[in-house]
Amino acid sequence: MIQLIRGFKDILPDETPTWKHIEETAVALFQSFGFKEIRLPIVEKAELFQRSIGENTDIVEKEMYTFEGSKGELITLRPEATASVVRSYIQQKLYAKDPIQKLYTIGPMFRRERPQKGRYRQFYQINAEVFGIASPYIDAQLISMLWTFFARLGISGLSVQLNSLGCPACRPAFKEALSSLLASKTGNLCADCVRRQDKNPLRVLDCKVPSCQEVIGDAPSMADYLCDDCARHFRTVQSALTAQNIPFELNPRLVRGLDYYTRTAFEIQTEALGAQNAIAGGGRYDMLTEMLGGPAQPAIGFAIGLDRLVALLMEGLPQQELTPDIFIAAMGEETREKTFAWSCALGREGIRTEIDFSDKGLKALMKRANRVGAAYVMIVGTQEVEEGAVLLRNMETKEQIAIPIDGLVDQVKKYLTN
RNA sequence: GUGGGUGUAGCUCAGUUGGCAGAGCACCUGGUUGUGGCCCAGGUGGUCGUGGGUUCAAGUCCCAUCACUCACCCCA
């Protein structure tokens, strides 16, 4: 037996309606807020991610699926979507048409991590990105939109984690203060954090090892180091969220794993999914368009983890299946031509129709109709064909009525749609 | 990449100190000559994840390997 690749999964019919529902909910809402869809390739040059996400991140160091193209160039299965959206914004000169662009995209991402609950090597995200707006109100509006999104899906038990990562003007001072603290207590840090100390000291902040937590306990907070502009920006985001009645928690430990984030960083977390508790996350990345060779434009965006969202929704109520409106119980090969034609015609009329083409007895056919959950059964044997009328049985009430074969499809349709 | 747990029928799982491969559900047939669900009787279905090893004998013990799963890590 050929099995699928480790960390990948099939999304089976019992789940797809939930996926569809989530996607439709998102699209409808995002469109209301002025977002337009963009569709992007799932492969890009490796360089795009190396430069945007950052060389020293785990994603770039060890999690990307990268292979050589025919000319020896390095091609990567995208580990996230923002870099691609930015690339397109620059390459297609969308900024020339209008610097302000609100874009969303839905699709698979790939990261070679060890699989576990809520974490797959191919996973799906809905991304929304806004270019060209520096105002903190757009930050709040995005978070507000996300909040509404989850509310519409009926998901509760969520929290909004909020932090500011500063900007090139103020983050270096903070990083330095943090570094010197860490340097003085290297002995108390776990092995991972010793490594992070140089590469990405901010990451030490969300380490879960108790001894590291202790060190961090008296670590400086980014909030204390924000420059005036960043501080003002951050305050406005908070007051705007409060004005929208969106509860949030200031979380100085919230650090984005990707290098390109500036200022506002946020995450939507759930208690219900174990260790992988972030179902959406995002932040501002004001330097990225310029870093990638485009015009300097402020930007902010987020990604929703679809797999985790589906898992949340599937935990709740049992999903309702799409059951047939009518099951055609056809007996005898002599009835086949007619019943085949009717099944096609009913299907074309939008009536969910099932038919069994094998030669079974009525009892077996009824059993099958019951099993697939058909609302009605159309009983057709040689007797009915001779008499010029078939039987239509209501499976719930057991009532049976005769329907003339003449004009049958129209009559069945009329009967069923009442 | 590191650690723990689990792999036996389509599904959920039993399987004792190593001694004939099991149950429930599902499926098929019959009880009911052309009427489903409930009930009763019978039946189909297994390379015991895979490959080695120990043994007269391995689902059971040992080694390896693969997969699933949870956690670390990382993040959506």
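Chain letters run A, B, ... following the sequence lines, proteins first, then strands; residues in each count from 1. When reading the values below, keep in mind they use all heavy atoms of this one structure, side chains included, and skip hydrogens, waters and symmetry mates. Since the structure is predicted, the reported quantities are computational estimates derived from the model, not experimental observations.
Ring centers of A:F35 and A:Y104: at least 6.0 Å apart, outside the cut-off. Close placement of the A:Y89 and A:Y95 rings is indicated, their centers lying within 6.0 Å of each other.
Within 4.0 Å of A:L391, counting heavy atoms only, lies at least one base atom of the nucleic acid. Using a 4.0 Å heavy-atom distance criterion, A:E384 is classed as a base contact. Among the atoms of the strands shown, none is found under 4.0 Å from any heavy atom of A:L309. Residue-level contact check: A:E80 touches neither bases nor backbone, having no heavy atom under 4.0 Å from any strand. Using a 4.0 Å heavy-atom cutoff across all strands shown, A:G282 reaches no nucleic acid atom at all. Within the nucleic acid shown, A:A280 comes within 4.0 Å of sugar-phosphate atoms alone, with no base atom in reach, counting heavy atoms only.
Going from atom CD of A:E354 over to atom C1' of B:G36 covers 16 Å, rounded to whole Å. With rounding to whole Å, A:M109 atom CE is found 16 Å from B:C75 atom P. Put simply, CZ on A:R368 is 17 Å from C1' on B:U35, counting in whole angstrom units. Going from atom CD of A:E113 over to atom C1' of B:U2 covers 15 Å, rounded to whole Å. In this structure, the CG atom of A:L254 is 13 Å from the C1' atom of B:A76, given to the nearest Å. Atom CG of A:L273 is separated from atom C1' of B:U69 by 15 Å (rounded to the nearest Å). A straight line from CZ of A:R121 to P of B:C75 spans 17 Å, rounded to a whole angstrom. If you take CZ of A:R114 and C1' of B:G4, they are 11 Å apart, rounded to a whole angstrom.
For A:R371 against B:C27, no side-chain N or O and base N or O form a donor-acceptor pair under 3.5 Å. For A:Q116 and B:C73, a side-chain-to-base donor-acceptor distance below 3.5 Å is present, hydrogens and geometry of angles not being considered.
Looking only at atom types and distance, the side chain of A:T270 has no donor-acceptor partner in the side chain of A:N277 under 3.5 Å away. No hydrogens or angles considered: a donor-acceptor pair under 3.5 Å links the side chains of A:T76 and A:T66. Looking only at atom types and distance, the side chain of A:E63 has no donor-acceptor partner in the side chain of A:Y65 under 3.5 Å away. A donor and an acceptor atom, one from each side chain of A:Q161 and A:S159, are located under 3.5 Å apart.
Between A:F8 and A:F110, the ring planes are tilted. Angles from 30° to 60° get that label. Between A:F131 and A:Y285, the angle of the ring planes goes over 60°, which puts this pair in the perpendicular group of the 30/60° scheme.
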Any chance you could list the contact pattern along nucleotides 37-45 of chain B? Use B for base contacts, S for sugar-phosphate-only contacts and - for none, protein heavy atoms under 4.0 Å, 5' to 3'.
-> B--------

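Taking every heavy atom of residues 152-166 of chain A and every atom of RNA chain B, no pair lies under 4.0 Å.
Side-chain atoms of A:R112 lie closest to B:G1 of the nucleotides B:G1, B:C68, B:C75.
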